[in-house]
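Report on the structure given below.
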Amino acid sequence: QVQLVESGGGSVQAGGSLRLSCTASGTISSRDWMGWFRQAPGKEREAVAIIHHSSGSQYYGASVTGRFTISQERAKKTVSLQMNRLKPEDTAMYYCVVGWDGDGGSWKSVSEYKYWGQGTQVTVSS
């Protein structure tokens, strides 16, 4: 069993930056990816970025590429999301996830992730 605890959300003006962190307890498989999804009110959950726990390979959603950077500290089982040049449309609840083994399904699919954090709110004002 894996538990995920997020931190770092908050409110910021457009153009600003925030850094989210997530620490996992329990065993992370070498096949697992850790990362972030987000969900804005009235919208479906959207894949933001993921990183492979073993290799460090990364994927980013199109809407955040070039603005967000995912990183990890493997020994601490911590993954972080540096968010720069934030836009009002980045406003959402951000969820830390663990799962997707890289085979078959899409990394963007909600159903591929076994573990989810409780979420941390990010609000970007214009």
Open item on the list: Tell me if the CD atom of Glu89 is crowded by more than 12 foreign heavy atoms within 6.0 Å.
Closed with: yes
Open item on the list: Would you say CD of Gln118 has more than 12 non-hydrogen atoms from neighbouring residues, nucleotides or ligands within 6.0 angstrom?
Closed with: no
Task: Verdict with supporting geometry, Ile51 and Val79, side chain to side chain contact (heavy atoms under 4.5 Å, CB included) - done: CA-CA 8 Å; Ile51 186 167; Val79 62; 3.8 Å; yes
Do [X] and [Y] meet the criterion of a side-chain donor-acceptor pair at a distance under 3.5 Å?
X     : Y     : value
Ser21 : Ser7  : no
Thr78 : Thr23 : yes
Glu46 : Ser63 : yes

Non-hydrogen atoms of [X] and [Y] that approach each other most closely:
X      : Y      : value
Thr91  : Gln121 : CG2-NE2, 4.0 Å
Asn84  : Gln82  : OD1-NE2, 2.9 Å
Gly35  : Ile70  : CA-CD1, 3.8 Å
His53  : Arg74  : O-NE, 2.8 Å
Ser125 : Pro88  : C-CG, 4.5 Å

So, do [X] and [Y] sit near enough that their side-chain heavy atoms are less than 4.5 Å apart?
X      : Y      : value
Leu18  : Val122 : yes
Thr69  : Leu81  : no
Tyr115 : Gln1   : yes
Lys77  : Gln72  : no

Please check this pair: side chain of [X] against backbone of [Y], looking for a donor-acceptor N/O pair closer than 3.5 Å.
X      : Y      : result
Ser109 : Gly105 : no
Thr123 : Ser11  : no
Ser55  : His52  : no

TODO: Could you tell me which residues satisfy side-chain hydrogen bond (donor to acceptor under 3.5 Å, both in side chains) with Tyr60, sequence neighbours excluded, listed by chain and number?
DONE: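 By the side-chain hydrogen bond (donor to acceptor under 3.5 Å, both in side chains) rule, Tyr60 matches Gln58.
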So how far is it from [X] [atom1] to [Y] [atom2], rounded to the nearest 0.5 Å?
X     : Y     : atom1 : atom2 : value
Met83 : Ser17 : CE    : OG    : 8.5 Å
Cys96 : Glu6  : SG    : CD    : 5.5 Å
Ser71 : Arg19 : OG    : CZ    : 4.5 Å
Lys43 : Arg45 : NZ    : CZ    : 15.5 Å

Task: Nonpolar side-chain network containing Val97, other nodes, edges under 4.5 Å - done: Trp33, Phe37, Ile50, Tyr59, Met93, Tyr95, Trp100, Trp107, Val110, Tyr113, Trp116
- [ ] List the steps, then state whether side chain to side chain contact (heavy atoms under 4.5 Å, CB included) holds for Val64 with Arg38.
- [x] CA-CA 11 Å; Val64 306; Arg38 68 186 182 185; 3.9 Å; yes
